[in-house]
Structure formats: C-alpha cells, structure tokens
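Lettering follows sequence order; numbering is per chain, from 1. Note that this is a predicted model, so its numbers are computed, not measured. All values below come from the heavy atoms of this structure, side chains included, with hydrogens, waters and symmetry mates left out.
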Number of protein chains: 4
Amino acid sequence: MSESIRVAVLGASGRMGTTTVRAVQEADGLELVAALDAGDDLRAVTDAGAQVAVDFTVPSVTEQNVHVLVDAGVHAVVGTTGWDDGSLGRVHDHLLRAPGVGVVVAPNFALGAVLAMSFARQAARWFESAEVVELHHPDKVDAPSGTARHTAQGIAAARAAAGLGSVPDATTQALDGARGADVDGVRVHAVRLRGLVAHEEILLGNTGEMLTIRHDSFDRVSFMPGVLLAVRRVVDRPGLTVGLEHLLGLPA
Amino acid sequence: MSESIRVAVLGASGRMGTTTVRAVQEADGLELVAALDAGDDLRAVTDAGAQVAVDFTVPSVTEQNVHVLVDAGVHAVVGTTGWDDGSLGRVHDHLLRAPGVGVVVAPNFALGAVLAMSFARQAARWFESAEVVELHHPDKVDAPSGTARHTAQGIAAARAAAGLGSVPDATTQALDGARGADVDGVRVHAVRLRGLVAHEEILLGNTGEMLTIRHDSFDRVSFMPGVLLAVRRVVDRPGLTVGLEHLLGLPA
Amino acid sequence: MSESIRVAVLGASGRMGTTTVRAVQEADGLELVAALDAGDDLRAVTDAGAQVAVDFTVPSVTEQNVHVLVDAGVHAVVGTTGWDDGSLGRVHDHLLRAPGVGVVVAPNFALGAVLAMSFARQAARWFESAEVVELHHPDKVDAPSGTARHTAQGIAAARAAAGLGSVPDATTQALDGARGADVDGVRVHAVRLRGLVAHEEILLGNTGEMLTIRHDSFDRVSFMPGVLLAVRRVVDRPGLTVGLEHLLGLPA
Amino acid sequence: MSESIRVAVLGASGRMGTTTVRAVQEADGLELVAALDAGDDLRAVTDAGAQVAVDFTVPSVTEQNVHVLVDAGVHAVVGTTGWDDGSLGRVHDHLLRAPGVGVVVAPNFALGAVLAMSFARQAARWFESAEVVELHHPDKVDAPSGTARHTAQGIAAARAAAGLGSVPDATTQALDGARGADVDGVRVHAVRLRGLVAHEEILLGNTGEMLTIRHDSFDRVSFMPGVLLAVRRVVDRPGLTVGLEHLLGLPA
C-alpha cells in the first residue's frame, strides 16, 4: 500500500478552507498535517513535512504563497480567485527553475461545471445557435458569473476555430436587456432567485434539435472531489496546470 | 343529439386561418360554412348562416369585422393581434346593445400557455423571487415575447396585491443586459435559438425551494384546442370575454 | 398591533421539530412558549398557555396528541405522517364537539409542492397525456414518493371528472419497468440520484405543446413558510382542514 | 474549387429517404445523381456514377445493398436499423478486400444525440449516480428507445472501466416499475407524451451537484447535418466506421 500524501491547507478557517480541511481528513490516502490561517507563518507547511498545500486564501496573498511553496519544493493546488495572466506567467517561469514541482490553479473545482464547460466547447462547432443561462442566489453581486462568462468565451472560440459565423438573431425591437449580455458574440443571461445556489445551462440549437448541458451546484461540498483529485494528481504533474479539465482527460 | 355549430373563418388563407379551417372541419359538433379571405364581403358569413365567426385577419380590419358580426348577431372568436383598450372598450359597449351576442378576444389560444400564465399569477404571492425566461426561434423580431411580458405583468400585479416588495437582487457589477429586461420589476430573459418554436419558463424561488412552470409550443396546431373551445363556449357566453383563461374555469 | 400567537412544538428535538422551533422563534407575530419531546407531558402545552401546537412527532402518537389538544381547546397543526381516513374521521367527529377549535393536517408543507399538485389537477383535464417524474436522494426507501403518488391520483381524478379516457400509449415491447409505475392509470417514474433532495416534475402533453410543472425542494427549511402559514390561519379556521392547499386560496 | 461528390439515395421514397433527397439537393458540394426505391436495380447507382450511396431502406435488404455497393467501389452511408454484430462483421471483412472503400453505419444521425451519448460516457466515471430518462410520442411501440438503451450501456461500460461499483439505491418498497428498467445496472425511464418527438435526458449526480445532458429532437430534419457530414467524410475514410461519433472527433 502506498503511503498517504501529506497535505497542508492555507486559509483553513475560511468557508472553502474549512470544507477542505474536513474533506482531507476524511479522504483515503491523504493526511492533514497543517492548517494555516491568515497571519500564520508559511514555514509551518514545511515544518509539518507537507508534500502538497491547498491554497484557499485571498487574492492579495495567493501568488506570493505559491512562490514560497515552490521554493520549498511543495506542490500547490490553488482555488483562490484573482489569478490573471501576469500571475500565471510568473508562476510558470518560476516552475521552470523548480523541476519536479507542480502547481494546479483552477478557477472551478466542481467536476460537473468543468465537464459542462468542456462539453460546451466540444459541441459548439456543430450548432448554429448557442446561448448560456446562469442562475444563482440573489446575494451574488456580479452578473453574469465568471463560469458563465468563461463558458461563453469557450463556445465563441470553438465557433471561430470551426469557421462559424455569428449566431442568427433577427431581433429588431427589444426591451433593454432582454437579449442578455454579449460575451464574444454569445448571449449570456443571469437569473437571480432565492433558493438557488449556482447553476448553469448551455443551450445549443440546430434546425429540428436542441442540446442542453446543465450543471447544478447545490452545496460547496461539490467542490471537494475536484480538490482531492488535484491533490492526488499534482504530485506527479510538474509545471503549471491551469484548469481542472486537464486532470480529467478531457479534450483541451 | 345537439345540432352542429355553424362556423365561418375570416382570414382563411393565412397561416392560422388555414389551420383553423382544417381543425373546424375535423371537429365533432362543428360545421364549416364559410371561409373568407381578405377582400371578401362579410355578408357571406350571414348568408351561410354562420353562428360563430373566427377572426384571424389583420390588426387593421379585425375590430371593424367584429362590429359587423355583432350587428349581424354572429358570435365572434378573435385571435388577431393588435387589440388595445380602446378597441376592447368599443366592442364592450357595442355588446351592451346586442344582448345574447358573445365575443371572445384571446391574445393566446395555446391552452398550456394560458394555464402557465394563470399558474404564475396564482403562485406569485407565495414566493420571494420570480423571473421569466422565454425561448424562441431566431427569426423573431421582438424580445421579449408578448406572452412573457404579459406573464411578468401578471406576476408583478399578484405580488403587489399581496403586499410583497421588490424581488431581492444584490447585483452591483453587471455586464450590460446580463440581468434581462425589467417588466414591472420582474426580470425577463429572451433566448433565441435555431430549432425552437415558442417556449416560456417561469421561475419562482423561496429559501430551500423552487417552482418552475414551463410551456413548450412546438407547432401552431397547439392553438386549435383553444380555438375550438372558444367557438363552443362563445355561443353561451354573451358580452365581451378577454382571455382564454375565463373559459377554462381558472381563478381570475 | 395584535398580540403574538403563543405556539408549542411537539417532537421538538426531531429534524422537522428543531427546524420548526427555530422558525417560530424567528417569526414575526409568533411566540414559542413550549417545546416538548417524546415522553414529555402534554399538559406543558396548556400550562404554557399555548394557543397552537405544531405536531411533528411520530405516527404512533400523533392522533392521540391531537385529541388531547382539542379537548384542551388548543388548535393543532400536524405534519406527522401516518394519518389515514380513520384517524382523520375521528378527529373530524371530535371537532364537531369542540366548536372554535381548528386542526390542520398537511402531508406536505412545501408551498411549492402543494401549488404544483394543485396546478396539475387544474391542468389535467386539458391534456391528452400526463406523466409524473419524481427525483430524490438515493437513501430514500420507498418509490415513488407519497407526493408523486398523490399527484398522480389527483391527475387521474381530474381526468375522470372531465370524462377523459386513458392516456395514449402504443407500447408493445418494453423492458420490465421502463414505463414506470401505474398509479390510477398515470405513469410515475422514480429517479434516485446522489446530490438531490426532493423534486417532482409533472408533464402534460397535447399535439404540438407540452406543459411542465416542476418543484425542487433543496432543504427542509422550505417547509417552514407553510408551517408558519398554517399556525397563523388555524386560529381562525375551526374544524378539520386536510391539505395546505385550502389555506392558499387555490381551487379545491 | 473541388468537384461535387456524386450521391445516390436508396429507399428514396421513405420518410428518411425523402428528407435525404431534399437535403442532398440543397447541400453545397453534393450532387444527387440517383434516387432508388424498393425493387429498383442497384446498377442504377453505378450507372449514374455515384461515389457515395446513402441507404435508408429496410433491415431485410440493407446488408445485401452494402455488399453490392462495396463490390462496385461505391462508399456507403447507412442509417437503416437492424444491423447486428454479425452483419457488421461481414461488412468489415468484405472491406478488407476492397481497399479505399468506406462504409459508415450509424444508428443515430442526430449530431446532438451522438454528442449527448459521448458526453455521458466521458462524464460517467466522475459521478456516483447516473440514470437516463427518455421521452417520446405515445405512438412508439418499444420502451426504452434504442438510443437510451445504448446510452445506458455506454455509461455502465465507462463506470466499469473506472472501477466504480453499482449506483447507490436504498429502495426497499417500490410500486412495480417505479424505478424504471435496469440496463446493465443503469436505470432507464421511458415517458410517452402526446406532443413530443424524441428526447433524452442523462442525469449524473454527486454529493452537492448534478450534471444534466439533454437532447431534444423536434423533427427528422435534425438528422440531415449528420447524414451530410457522413457523406462528405466517408470518401476519405476507408474501412468500416460504426457510429457518427468517430466523425466528430470525439473521444472514443
């Protein structure tokens, strides 16, 4: 039997961090060796002999955390938001000088959401029309969601790569906002409804047929299978990986 | 056995008129006695002894048709669009001087759509949140659909009558159009997708639960049961009736 | 301002009881005056001056509880399962001798589920086809759910009352179970899926159109608005009321 | 510019054949050179110089047609049902002796249905639960549909390959048929509803999340993009190809 992977959690008292701590403790083959909060010294990670650190901290410190972890030879799984191309580029370059160390940055750890986005990209080139509807609780401040925006961009890129033109739309008289937001030519609609958590529906249409891909996230525990998968895979995956889809064996 | 009801169809060569002619011919208890096109003299209706005339003509002539029919003592079922409060008021007043004659004006003859709207109004007061999504083929020029707009207005009226405040929505950062059109405080989203015909989804949410009412119209034959119902009922329903819901025994 | 209604909760440490205790404590116009567990003496209800008692106990004691409450002049709201026609008949008779006292027995306090069932009954007579799909978590032991069975019975009764025949079904070759369970001639399908809670979908079809009514229950807090509504209404509703729909002003 | 591909249609007066004839006539880059009915001599295909023949005939003649076409060096696209492993094996062996000739046999030409099945197989290993619901018009004689059965088999195979055990299901008391048909351990439910055509919904669940993949086929014209794609690709794809998914660049 293989030994357990030793795991540290950064941001351990936040909502995602707390859930991750519990998930690591209950997972086969993983051992929680450190749980750090804001202000704790990152040396506790190496002192505890952690092989992988999961970062659910805040945008202002996450990149710096990762550089420290890479220098210490600790693999990192990052779920904190706020990573841009600049941050990713710096980590990528850093990893070139740290052979064997892996970093996985994932904007979304819900397997179902990642699969839905991949399927949307795979299907997009075969359909004349495509739109995205996302539905969330009414306390959400941004619209549309980052996931929906990302999905629409993926659809638009797949259509462009296949040489498809713009989606058909004969609308000439519309109430302001009725046709949703335009994300790279793909319409995205944001519904806000008490009782919901996080949901996304991708609609693809051809003459005579429709394909619908829908993901419902009812609870943040739905992120844990993705987090645990990343922890298990990152130890054998040197360099920078952006997006959980690369760990699922899905078409790029 | 009761005798058949004698029916005339006005606008008989249009899309709805053609479908209505066939439906009347195939219906038990109805007899098609006249089918008129644009330019035909309305006296053909009375010459043929029609008891009910179904009007699927055009906005510019439909009100005048109805006044002529009422004067002739012929009941009318009207599916032509373009009726406003002024037109309805004049027909209402006219009918006060034509006791026994009935006119049914219905903006939508799809039983399912009418039921969906009624259910939305019945349910609205019990939910904190409500939104409407309509989906149509991409050749439609207006957004949102009249049915969706009407549904949202019904929801808004029911909420107001029950003393509900505005729906919760914490959105502060939105792409233009993401949150849909605002119809009396109810958000309405219009999807346009090749392959679809006419579809409406009403979403109602409370903490911990969601109620969804969806109507799918795949073909205009779906309007025929409503048209035939109106023809059968109008002969015993003097005065002006606006909306098929009143013939379905639904709460007002 | 009117005084608060004084409320006792029976079965206060069970899952529904705990949720009810909290809901009563947080509700405007209600005051929690007693919370009883199994074995506690029901006299605590009257000692505390409760006007209404909510019973979420167990089938073996719930009817006896209600008789004691009625004798004491305390209104009762009952969510415990296991009530049959015999139990209901005895309470009904008892209430004839206790003028002014009200008892509400509801198999389902989710407003959305009750509305969905009512809408199914209202719509059923207008559609040629009707089926029910219910979806629950995979730890549920019975299939289909009581709600789905009740919904199908309501649809069947409405069809019969309107003189509709059996639903069309040309199936001659079927894998065992493929066409679902037959409940009074209406097919009911039970899906069991990890991640779900309690969901019901009613499908009604005519040539060219479909009407879908769906209720999603994500959390048992969704029952609380119905429980609180019953508590507020039972004080002015003497006699026996079976089913929340009668408190919602819906067609019987 | 490349020359048009010369196409023959066998079974040209059947429902699918008629639709195919029209689609080929309207397609860019294809030329209809022969349309054969039952009883017509297949030599008309070669006489007309057809490069590809589309077979929408009947199970009793389709395999023999294909052998004749292969002998004549004509590529074949086959949508006729009734192909079993024996038929496929014989055509496979025949093609080994006919280098350069291609045959595509597809049980389903609806791109959306093929994509849905592929996505179900890709996703299945990541979910604890999986079920299939198919919905069709009530004149269908078999239940569940071949597509739903095939989808369930694909899900079961993907689960087995990933080492997943059986789906969770605590049902102990069920009405007969409530839990659907068992296809390799995956439950399949068949709904029959007037107004529907052919629809399939694949439901995948994990703790806290659900992924739904749905395909709606409203009209048999939805098969035409798949048929035309096969016609265009078969000329460069020698040997036997079973299933449209191989022409879509999807994971096997």
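Of the atoms belonging to C:D169, heavy atoms from both backbone and side chain fall under 4.5 Å from chain D. Contact annotation for C:V133: only side-chain heavy atoms (C-beta onward) come within less than 4.5 Å of a heavy atom of chain D. Heavy atoms closer than 4.5 Å to chain D are found nowhere in C:R187, neither backbone nor side chain. Both the backbone and the side chain of C:E131 come within less than 4.5 Å of a heavy atom in chain D. At a 4.5 Å heavy-atom cutoff, the contact between C:L204 and chain D is made by backbone atoms alone. Within the 4.5 angstrom heavy-atom criterion, atoms from both the backbone and the side chain of C:V191 approach chain D. Within the 4.5 angstrom heavy-atom criterion, only side-chain atoms of C:V183, from C-beta onward, approach chain D. Looking at C:L196, only its side chain comes within 4.5 Å of chain D, counting heavy atoms on both sides. Only the backbone of C:A130 comes within less than 4.5 Å of a heavy atom of chain D; no side-chain atom from C-beta onward does.
With chain C as the partner, the residue from D:P168, D:A190, D:A174 showing the most heavy-atom pairs under 4.5 Å is D:A190. Interface remark: of the candidates C:G208, C:P138, C:P144, C:P138 forms the most heavy-atom pairs closer than 4.5 Å to chain D. Residue with the most contacts toward chain C among D:V167, D:D142, D:L135: D:D142 (heavy-atom pairs, distance under 4.5 Å).
A heavy-atom distance below 4.5 Å is not found between the side chains of C:W126 and C:L211. At least one side-chain heavy atom of D:F109 sits less than 4.5 Å from a side-chain heavy atom of D:L244.
In D:D93, the CG atom is crowded: over 12 heavy atoms of neighbouring residues, nucleotides or ligands sit closer than 6.0 Å. For C:D85, the CG atom counts as loosely surrounded, since its 6.0 Å shell holds 12 or fewer non-hydrogen atoms of other residues, nucleotides or ligands. The 12-atom threshold is exceeded at CG of C:D84, counting heavy atoms of other residues, nucleotides or ligands nearer than 6.0 Å.
Between D:R214 and D:E134 there is no salt bridge, since no side-chain N of the basic residue sits under 4.0 Å from a carboxylate O of the acidic one.
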Does C:R194 form a salt bridge (charged side-chain N to carboxylate O under 4.0 Å, His left out) with C:D139? I'd like the steps, not just the answer. CA-CA 8 Å; C:R194 183 70 70 209; C:D139 301 325; 3.4 Å; yes
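With 3.5 Å as the limit, one finds a donor-acceptor pair spanning the side chains of C:T151 and C:E200.
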